[in-house]
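Data first, discussion second: the structure below is written as structure tokens.
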Amino acid sequence: MNRFDYIQPKSVKEAVAAASTPGSAYLAAGTNLLDLMKIGVSSPARIIDITRLPGLDEISWLPDGGVRIGALVRNSDLAYDARFARTFPSVAEALLSGASAQLRNAATVSGNLMQRTRCAYFQDLASACNRREPGSGCDARGGENRLNAVLGWSEHCIATHPSDCCVPLVALDAVVEVEGPNGAREIALDALHALPGTTPERETALHPGELILAVRLPAQATVYASHARYLKLRERTSYAFALVSAAVALEVSAGTIRSARIALGGIAAKPWRAREAETSLENVAPTPEAFAKAAELALLDARPSGDNAYKITLARNIVARALALAHDGTPKDMPALPASPFSATLGASHAG
Amino acid sequence: MSLSVSITINGEVHAIDLDDPRVTLLDLLRERLALTGAKKGCDRGQCGACTVLVDGRRINSCLMLAISLDGSAVTTIEGLADGDALHPVQAAFIEHDGFQCGFCTPGQIMSAVGLIAEGHAGDDPERIRELMSGNLCRCGAYKGITEAVIDAQQAQKSGKRRDVA
């Protein structure tokens, strides 16, 4: 790890001012940043520790029924907040399917948004990686790439975004509140993470020095509370990143789907919203055929970036499965193995 | 900029001068305070051998900078027993053979103490295994570990509770 200057600002204003110096990085829980610093992938000259900033660790309910999640709310605190889990169950399930209990106790919501890809070539300094070192090439493209992207990738980068909780957040139209050197602004979470194109080093829409203050979920997203799931396929049942995952939500009345939300994880450099698939489910009966068609549409543009064509089939299947389970109803209790298709309680206990 | 912090460790306040902001909580405990119970397995938050409680919550001490913990309270495996009287989780690990080589054991035990305090697992072995998945055991003592957690939780409920978390 490189030596760095450590700064603990007292206010958001101080933090933003401090981070405007090139070479600065914000530190929240550090569960990803410190790891990357240890292996030399990240080497900031100045660490701006935001963990003591006041007022950023609160879950606030808005008058219209939406919720504002402070940037420093810990993953476990959000997932186990009873009202939050009841109102946005797929987000709670995604949070509890990620990492380990220790990491969830530390990791923050804003840190989750800002975490970097786990592409092995990004983490290996001996490999070429356009994301880590622009212009150096992409060794993943011709390498061991069965975990890499099948949607939205380019010849310059085939990395995936590793977050679980961002997937339902994107499905539910989350908005990110940001403060920066030029003032405050809001960004749709769907527009926060960038696809690689020719500039994979530009990972997010944030400008230098900008700080995430909160993530908001709109009141409209609460209509899905009784039919929402997050399902995740991984190489072991717990404590592993997604091979593919799907967050789905249905608004059902009188035996007909009124609206649907679908997003996929583990398959692109950003949480992947499948809007055409969502539209295909509007005002149709919730049949296996309709779910299969939606899954087909969600993966229509997918193509392997290497030895990973299997992910397209897996993703299609997990979307259809998640839709069927969401239609069955949000489980009354959090499954023992959150988001796992192998959980014994899967779909067994339905909310009314 | 001052690099001195005050951290309460196992009930004792330590005023610590850090000459380097890179020192993790794990390195502070092991290298500077001679508290070598927490182990450095992977040093990347993947194995759980360094698990301790910070302000009552189990975390990976290898991924936390000591400099950021001013005013915090840390509990390590060294702070669990009451003299010669073992903490119920320690006693249960012995009773159920919850270890073989012992390297991961301090982390397993601290994680179990945190899990019981969190109160989300009940007596469901599947939930306990899921919530202990951040602690790897290369000897494969998982069966005994799961039984020990269930047993210790029941022991704490039935009055022998000593809640350090």
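Each chain gets a letter, A, B and so on, in the order the sequences are listed, and its residues count up from 1.
Using a 3.5 Å distance cut-off with no hydrogens or angles, the side chains of A:S76 and B:R57 do pair a donor with an acceptor.
In this structure, the portions of A:R3 lying under 4.5 Å from any heavy atom of chain B include both its backbone and its side chain. At a 4.5 Å heavy-atom cutoff, the contact between B:T51 and chain A is made by side-chain atoms alone. Neither the backbone nor the side chain of B:L115 comes within less than 4.5 Å of any heavy atom of chain A.
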I would like to know whether B:R32 and B:D19 meet salt bridge (charged side-chain N to carboxylate O under 4.0 Å, His left out); could you show each step before the answer? CA-CA 12 Å; B:R32 307 193 178 206; B:D19 52 2; 3.3 Å; yes
Give the C-alpha distance, both sets of side-chain angles, the deciding distance and a yes or no for salt bridge (charged side-chain N to carboxylate O under 4.0 Å, His left out) between A:R104 and B:E118. CA-CA 12 Å; A:R104 292 191 293 269; B:E118 288 158 14; over 6 Å; no
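The candidate with the highest count of non-hydrogen atom pairs below 4.5 Å against chain B, out of A:L27, A:D49, A:D77, is A:D77. In terms of heavy-atom pairs under 4.5 angstrom with chain A, the leader among B:G48, B:G122, B:C62, B:A121 is B:C62. When each of B:M64, B:E130, B:Q46, B:R129 is scored by its heavy-atom pairs under 4.5 Å with chain A, the top score falls to B:E130. Your options are A:R52, A:R236, A:M37, and the one with the most heavy-atom pairs under 4.5 Å with chain B is A:R52. Between chain B and the residues A:I47, A:N32, A:I39, A:T51, the most heavy-atom pairs under 4.5 angstrom are made by A:I39.
The side-chain contact (heavy atoms from CB on, under 4.5 Å) with B:M110 is formed by just one residue from the set B:T75, B:V89, B:T76, B:I59; it is B:T75.
At least one donor-acceptor pair closer than 3.5 Å links the side chain of A:Y121 to the backbone N or O of A:E144. Remark: side-chain polar atoms of A:E14 are paired, donor with acceptor, to backbone N or O of A:K10 under 3.5 angstrom.
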